[in-house]
Amino acid sequence: MPVCVLSDGAGPGAQVPAHLTMIPISHITTSTDSSGKTVKGKVVRKERLVSSASDDFILKTVIQEEDSQAIASSQNTSISVVLLGALAKDFNEAVNQGDVVVASGFTVDKSGSVHKDKLHPCKLLLSGDNACLYVSRPPPPPDPRSPLANKRSTTLSAEVSTKAKVPKYTYVRLGDLKAGSVVNVYGVVVFFKQPFKSRGTDFCSSLKITDQSNQKIGCTIFCEKLEDHPKIFQIGDIVRMHRVKTQFFNDSITLVNTFGFSVVTFDGAVGGAMEPRTSSRSFHFDQEVRRTVEELRSWSASQTILPPVPTIPLSAVQPKAYFDLTCQLLAKAPIDTTCTLLRVWDGTRCPRTLLNVIVEPDATEGPTSFSKEKEKLIANVLVYDNHVEVARELKPGAFLRIYNLRAIPGSSKVPGLTSSQSEEVDHLAFHLHGGTAYGRGIRVLPETSPDVQELKRTLQAFSEDHEDRLSDFSDSELLEVWSTPPESTKVKQLCAETVKCCTERSCSHDLQPVTLSKVKRSGPGRVHHVRVQLRSYEPHALHQALKLYCSKCSSMLDVPDDELVSGLFSEANSDSGPCSPPPWLLSGKVDAPGDAPGSADRSLTVHLSSELLAEGKTKELLFLMGSTLEETCRLTAGYQNIVPVRPSGGHLALLDLSAPFLFRGRRRYYGCKRCSDAAVREPSTEGVEVIDERMIAEALGVQLLQFVLLMKLELRDATDTLHVFLWRDAELFFNVSADDVAANQEAQNIIHQTMDTLCPPGGGTGERPWLDLCLTSYRAEDDAGQNQTCYQVGHTTVTKPSSTRSEPGPA
DNA sequence: GGTTAGGTTTGG
């Protein structure tokens, strides 16, 4: 449906998808297969937009082959194009005679007027979701101030001289606004509130903008959909608004959105990326837009109009301060109806003790505990009232900016708080109070934002430092680690402080360690602390410890090996036959990637969402047909998300769900056969910042399986042995995520090294380190349906794995 | 082509 105006500079902007093949106008016949094809031509005639019913439009245009050689050697170089529906309307607004357009998703029909107009015997029809039109406009006359001017005028002079550019939009300076008109404006944001629910039907955004005329103008935006609101991340961002009305309020002009409103936001930093933030399907972006934004950026940088940005890291937080926090959400838990706890970190450590909030593990979304080192960096943020609703939509792992967060010293009146810390005074609590004053609110930042990129580097650095610290022991420390109690150690030594342990408990239970024989005599439903050694473990082939778990039906599956998955791919490829993709997909071909250059002569059918294409997102999501597992893996280098598909009964279908339904880089995602209702369906990408496995799974009706780690450990102490499971808290135990274990060798190595430390191969029990563990006992049915008591290790982290154990001597 | 809000904090 969309019309995309291409950037005429080298910068970002919509691009015609590279996999589509262009065909010359003269080659078009009624038997042309238009799938995966484009036609390019200059608009030589544009007729009036005709509206046949209230919402139905039709527009006829004629495009002509641009290549003069083709024109000279062929007759049918001009062809009629009929546009229907919204596309016609968009075309009418966005395209001028003289523009060069590329059409895709068209159908070919016989032209009824060939005798009359002497044009091509065929015409192109564009309608529906499949159709897309890319517009590139002759660039504006060279700007004499620009260093590129000479270069431009030589390479593009022919086109420039044919037509003076008529700007489509005119923008009014904020100092020239008159009440009672509808205008387009640019402005630098000096104040903003995230959209909040109004008392009417819409969300309301409130902002104040300024420009070179130094007027500060308040704007109020009402839109029902959040994605239509300005995507403002911080003061200094630049907005461009189309169709806002001016009106007087309190003796000053204000701007309110009106019919046809649209807004695009740009980063306000001089030299920053020119990435337009908008959910509009069709928006105008060219060299002139770029120049206007750059002018506003440098003007704004030279001014002192902007209040200081109150974004500071946790390490710099002062008591009583209000500040904006850029952070990652790790976990969250509702406290009561007016308050939600967000556990966040930004990789820096606040020098103050932070408020400790204890909630039921069952109420927590995300991990319930973290390694002790990480825990020290985590801030508990309490968000109140209207923010609770926003917090409900947040997912652990998301990157957030919390605006106008308050650091409250010594405050301890937290609903539901059970921490013994509540009487302490020397700690900081973080509150996001109710209301929207001072722009209070929460916003999810896209991963592409520069601030998130920086945050991720900080978090990464923490993880690396932390791991370095673990493996960086002096010899004396190593001796302490390895000098374990002798076999004859009696129970009384369990509490001895002198024995070094290589695990740490992070639970809040106030329990004395007990012996395994006592654990065995106690019934299910208990929590015990024990000090034990690891006698043995299963599976020894550690990759088998990685499982797929369905949180819906609780089934646990082995991860299929490559041989099995390869087989499923070739099975899928053996189904052939006619197959019509759904109308929202555009089809094309890519060369099958191969080792030798000569082997790449096979081509694979690919399908891309026309909506994503329209947004220029050609690498985001690919439906791939006919590939082998190996080819699919190779293509992950070029596409963020690959969904393998196969023809089935004339339609596109997913592969058997034993195969991954999605490839993302080195990561593969699986779905639950029992709980999925899988089909190729269109993902709704409107307003979506990042296309991830969750949204794709949801669109495809796939119940996403989670990678988990499952091991059975045999523990021993002086009194007995006990088999326990390591599952729910296995990631915490190894301090590694199961997702990472599934995707990379380094994470797998951590598990190997840890197990080698806890249970050295070939070593006697005397060498094995002692472990402080928290055990939970529970009742479960075994395979024979018999009730039995099971045990799980929880709240425990291995703190001192070491790979240098085998060579303790000086290096 | 309606209504909504119309910056500005003390409080869990």
Side-chain angles (χ1 to χ4, degrees), chain A residues 54-55 179-182 187-210 215-226 228-230 232 234-235 237 239 242-262 305-308 310 318-324 333-342 355 357 359 380-388 391 402-419 422 427-441:
Chain A
S54 63
D55 246 355
S181 57
V182 174
V188 180
V189 175
V190 294
F191 170 79
F192 68 103
K193 285 182 176 185
Q194 295 301 335
F196 58 92
K197 202 102 190 88
S198 74
R199 274 189 258 274
T201 56
D202 296 336
F203 283 95
C204 175
S205 288
S206 184
L207 50 147
K208 191 166 267 180
I209 58 174
T210 189
Q215 285 290 320
K216 286 184 184 151
I217 301 291
C219 315
T220 308
I221 309 299
F222 295 107
C223 293
E224 207 169 356
K225 290 188 197 151
L226 277 174
D228 294 337
H229 281 259
I232 300 169
Q234 64 183 358
I235 285 170
D237 282 353
V239 289
H242 285 170
R243 290 165 290 260
V244 282
K245 62 185 174 195
T246 52
Q247 52 185 224
F248 261 109
F249 179 76
N250 277 350
D251 295 333
S252 26
I253 294 259
T254 59
L255 295 172
V256 183
N257 62 311
T258 182
F259 184 59
F261 166 78
S262 71
I305 44 158
L306 297 184
Q318 293 299 316
K320 296 187 178 173
Y322 288 96
F323 65 107
D324 294 351
I335 301 289
D336 61 29
T337 55
T338 67
C339 179
T340 292
L341 168 68
L342 301 181
L355 175 73
V357 183
V359 290
N380 289 312
V381 175
L382 293 160
V383 309
Y384 289 93
D385 305 336
N386 51 319
H387 310 300
V388 167
I402 306 177
Y403 299 90
N404 198 234
L405 190 56
R406 191 173 182 220
I408 303 180
S411 170
S412 56
K413 290 180 190 163
V414 176
L417 175 71
T418 54
S419 167
S422 48
H427 65 261
L428 277 187
F430 296 107
H431 289 220
L432 183 67
H433 294 303
T436 63
Y438 281 91
R440 268 179 211 155

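Naming convention: chains lettered A, B, ... in sequence-line order (proteins, then strands); numbering from 1 in each chain.
- Atom C1' of nucleotide dG12(B) and atom CG of L405(A) are separated by 14 Å, given to the nearest angstrom.
- Set against dT3(B), dA5(B), dG6(B), the side chain of R199(A) has dA5(B) as its closest nucleotide.
- The residue G439(A) sits apart from the nucleic acid: no heavy atom pair falls under 4.0 Å.
- Here the closest heavy-atom approach between residue V359(A) and residue I335(A) is recorded as CG1-CD1, 3.5 Å.
- Distances from the side chain of D385(A) to the nucleotides dG7(B), dT4(B), dG12(B) place dG12(B) closest.
- If you check every strand for non-hydrogen atoms under 4.0 Å, N250(A) touches nothing.
- Using the six-membered ring where Trp is involved, F192(A) and Y403(A) have ring planes that are perpendicular, over 60° apart on the 30 and 60° scheme.
- At a threshold of 4.0 angstrom between heavy atoms, the contacts of K208(A) include nucleobase atoms, whether or not backbone atoms are also involved.
- Between the CD1 atom of I217(A) and the P atom of dG6(B) there is a distance of 17 Å, given to the nearest Å.
- Here the P atom of nucleotide dG7(B) and the CD atom of Q194(A) are 18 Å apart, to the nearest Å.
- Taking the 5.5 Å centre cut-off and the 30° plane limit, the aromatic side chain of Y384(A) is classed as stacked on dG12(B).
- In this structure, of dG1(B), dT8(B), dA5(B), it is dG1(B) that holds the atom nearest to the side chain of F259(A).
- Atom pair L207(A):CG and dG6(B):P shows a separation of 13 Å (rounding to whole Å applied).
- Counting to the nearest Å, the C1' atom of dT8(B) and the NZ atom of K216(A) are 14 Å from each other.
- For the pair H433(A) and S198(A), both in contact range of DNA chain B, the more 5′-proximal nearest nucleotide belongs to S198(A).
- Considering every non-hydrogen atom in both H431(A) and I408(A), the closest pair reads CG-CD1, 3.6 Å.
- For a distance-only test at 3.5 Å, the side chain of R406(A) qualifies as a donor-acceptor partner of the base of dT10(B).
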Return all side-chain donor-acceptor pairs below 3.5 angstrom for residues 252-259 of chain A, not counting sequence neighbours, or 'none' if the list is empty.
{"from": "S252(A)", "atom 1": "OG", "to": "F249(A)", "atom 2": "O", "distance (Å)": "3.4"}
{"from": "S252(A)", "atom 1": "OG", "to": "N250(A)", "atom 2": "O", "distance (Å)": "3.4"}
{"from": "T254(A)", "atom 1": "OG1", "to": "Q247(A)", "atom 2": "O", "distance (Å)": "3.2"}
{"from": "N257(A)", "atom 1": "OD1", "to": "F222(A)", "atom 2": "N", "distance (Å)": "2.9"}
{"from": "N257(A)", "atom 1": "ND2", "to": "F222(A)", "atom 2": "O", "distance (Å)": "2.7"}

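- The two residues L226(A) and P195(A) make their nearest non-hydrogen contact at CD2-CB, 3.6 Å.
- Of all nucleotides listed (dG6(B), dG12(B), dT10(B)), dT10(B) comes nearest to the side chain of Y322(A).
- For Q247(A), whose side chain is taken as the heavy atoms from C-beta onward, the closest listed nucleotide among dG6(B), dG7(B), dT4(B) is dG6(B).
- The distance between atom CG of N257(A) and atom C1' of dG2(B), rounded to the nearest whole Å, is 13 Å.
- Counting atom types as modelled, D336(A) pairs no side-chain N or O with a base atom of dG12(B) as donor and acceptor under 3.5 Å.
- For the pair F249(A) CZ and dT4(B) P, the computed distance is 12 Å after rounding to whole Å.
- To the nearest whole angstrom, the two P atoms, one in dT10(B) and one in dG6(B), are 15 Å apart.
- Per the geometry, CD1 belonging to I235(A) stands 12 Å off C1' belonging to dT8(B), to the nearest Å.
- With centroids closer than 5.5 Å and planes inclined by less than 30 degrees as the test, F222(A) and the base of dA5(B) fail to qualify as a stacked pair.
- Of the candidate nucleotides dA5(B), dG7(B), dG12(B), dG7(B) has the atom nearest to the side chain of K193(A).
- In this structure F203(A) satisfies the ring-ring contact (aromatic ring centres under 6.0 Å, His included) test with no other residue, sequence neighbours excluded.
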